[in-house]
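Below: one structure, written as structure tokens.
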Protein chains: 2
Amino acid sequence: MLKEERQKYILDQVHLHHRVLLNDLSDSLNVSIDTVRRDVKELDHEKKLKKVHGGATSFGFMTFTKDDGNIYLKSKKISIAEKTISLLSDGQVILMSGGTTNMEVAKLIPKKLELTVFTPSLHVAMALLDHENVEVIFLGGKLLHDAKFAVGGTVVNALSQLRVDMCILGTGYLDAKFGLTEFDWEVIQVKQAMIRAAKKTVILTVSDKLHSVQKYKTCDMTAVHTLVTELDPSDPLLDTFRPFELVLV
Amino acid sequence: MLKEERQKYILDQVHLHHRVLLNDLSDSLNVSIDTVRRDVKELDHEKKLKKVHGGATSFGFMTFTKDDGNIYLKSKKISIAEKTISLLSDGQVILMSGGTTNMEVAKLIPKKLELTVFTPSLHVAMALLDHENVEVIFLGGKLLHDAKFAVGGTVVNALSQLRVDMCILGTGYLDAKFGLTEFDWEVIQVKQAMIRAAKKTVILTVSDKLHSVQKYKTCDMTAVHTLVTELDPSDPLLDTFRPFELVLV
DNA sequence: ATTAATTTTGCAAGTTTTTGCTGTTTTTGT
DNA sequence: ACAAAAACAGCAAAAACTTGCAAAATTAAT
């Protein structure tokens, strides 16, 4: 197994579980603990994850300690959020999924902007309610304990009766070949319904999550209209996505 | 378990409950009290929380209780919440409205209690999601900016299809003659639907709100099965409510 | 294809961290 | 003031980390 594959696997595991133990990694990768240790050390140095005693955690893990080492990731997300907001205009009706990037969008919406937002995310809803001129409609359903996100038939059903201007998907992994993928089946159902309900689909993703594939597929790249990352639109990392009819913001 | 996980759990608990006991932490984390003590000491040194004798508190809580003189009100509500929890049992399906008293109930639910809870309140939903064994279903709809509470046809509609064991109404003013009253018309609609959907109606109210009347009426006293206040059930202040078939907790 | 240079990997010895336990001191409530 | 609970300090075992080094694998060059 190549070193790159290993490190990618490690990153995926960290993103998936928010934390990993070096022992588990060494076990499932069939390499010595030293090798894993070195890999994690490297990834930590590249700010891709945070090495801790006995394992590693993702930056998003520490929800309450905002001023730790994840300033990099946070600033990326804010940059993405700012770009996203330029896509919005008065009177629009939009859908927003969950995720920390969408949270930043919700927080940064200008006070004067008049919007109607449907969302199944508790956190996003909460953040949106700070804005007097935003009408917030929560898509109710069974809530996932970890993601604070509503899933299930009620949500999908409610979405099937909507036809909104835009749908902003926050989390998720993106790959030119495999499209948008996730690791939670129930979330997939909701996101697919969101895409169906919207005229345009906007994907927000930090560049770390580009060229990554997870277990389940939400949609093809052809379903995506706009891709927002913190990278410059001309960045070569985005080349594989150019064949599609995307607006790279 | 990673040290980081532990500390995150501690921080989450502190932020959620505003105060934690070292013993409880040691218990639920399955580590020695010394380890918890060291963790809290560290977090205190990092200014993430405030260590106090026997436990820790969040910074926000301290200022809240000191500046606001409402420690009394808060302790009243906690007392009410504790009484309310004694009404709950494993496997029940219940409805919870919003309000700070219901929030306290949501926070204080024992970790082991298995419940299914429907609620239109963002705050209550958030607090409930802390409990692994509680299934939380959010009743979606248009959210009120101030109350963080879902109202409107969707909520009422969803409620009309439910038949649950109990409905716990948190806010509201109570009077023997005029029944339960509110000042928000849209909230009334939802509460009425909640009462219709439940076999039993439980009202939580601090004694300050007894014998008060607001603009709109939710229901008569005859619709109420149980009344929970911080007062002793034999308190003469409750005399006017005794003619009704109430359980005074 | 073979050899040399470079990188990567695994191992062992020594160091540091973490954790639970001991007994002692301090704090708290009555 | 006294008993109970909590905090502290020191200690020892276990787990995790570091470093240096040699074997193995990968890459580059002849």
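Letters A, B, ... are given to chains in the order of the sequence lines, protein chains preceding strands, and every chain is numbered from 1.
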Q.
Return a single string for nucleotides 19-30 of chain C, one symbol per nucleotide in 5' to 3' order, where B is base contact, S is sugar-phosphate-only contact and - is none, cutoff 4.0 angstrom on heavy atoms.
A. BBB-----SS--
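A donor-acceptor pair under 3.5 Å is absent between the side-chain atoms of B/Asn133 and the main chain of B/Leu113, judged by distance alone. A donor-acceptor pair is defined here as one N or O able to donate and one able to accept, closer than 3.5 Å; no such pair exists between the side chain of A/Gln192 and the backbone of A/Gln189. Judged purely by atom type and a 3.5 angstrom limit, A/Ser26 uses its side chain to pair as donor or acceptor with the backbone of A/Val31.
Judged as a side chain to side chain contact (heavy atoms under 4.5 Å, CB included), and not counting sequence neighbours, the contacts of B/Ser32 are B/Asp34, B/Thr35.
Side-chain atoms of B/Asp232 and B/Ser234 include a donor-acceptor pair closer than 3.5 Å. Looking at A/Ser97 and A/Asn102, their side chains do bring a donor and an acceptor atom within 3.5 Å of each other.
The side-chain hydrogen bond (donor to acceptor under 3.5 Å, both in side chains) contacts involving residues 238-249 of chain B comprise B/His211-B/Thr240, B/Asp239-B/Arg242, where partners must be two or more places apart or lie in separate chains. Among residue pairs with one or both ends in residues 78-90 of chain B, none qualify as salt bridge (Lys or Arg N to Asp or Glu O under 4.0 Å); sequence neighbours excluded.
For the helix from C/dA1-D/dT30 to C/dT30-D/dA1, the terminal axes (five pairs an end, C1' atoms, rotation from four pairs onto the next four) enclose an angle of 50°, given to 10 degrees.
On the nucleic acid side, DNA chain D contacts chain A at distances under 4.0 Å to non-hydrogen atoms, with the end points of that region at D/dA16 to D/dT18.
None of A/Lys191, A/Lys215, A/Lys209 except one satisfies the salt bridge (Lys or Arg N to Asp or Glu O under 4.0 Å) rule with A/Glu182; the exception is A/Lys191.
Counting non-hydrogen atoms under 4.0 angstrom, A/Val52 reaches the backbone sugars and phosphates but no base.
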Q | Derivation and outcome, side-chain contact (heavy atoms from CB on, under 4.5 Å), residues A/Tyr216 and A/Phe183 | A | CA-CA 6 Å; A/Tyr216 304 116; A/Phe183 42 75; 5.5 Å; no
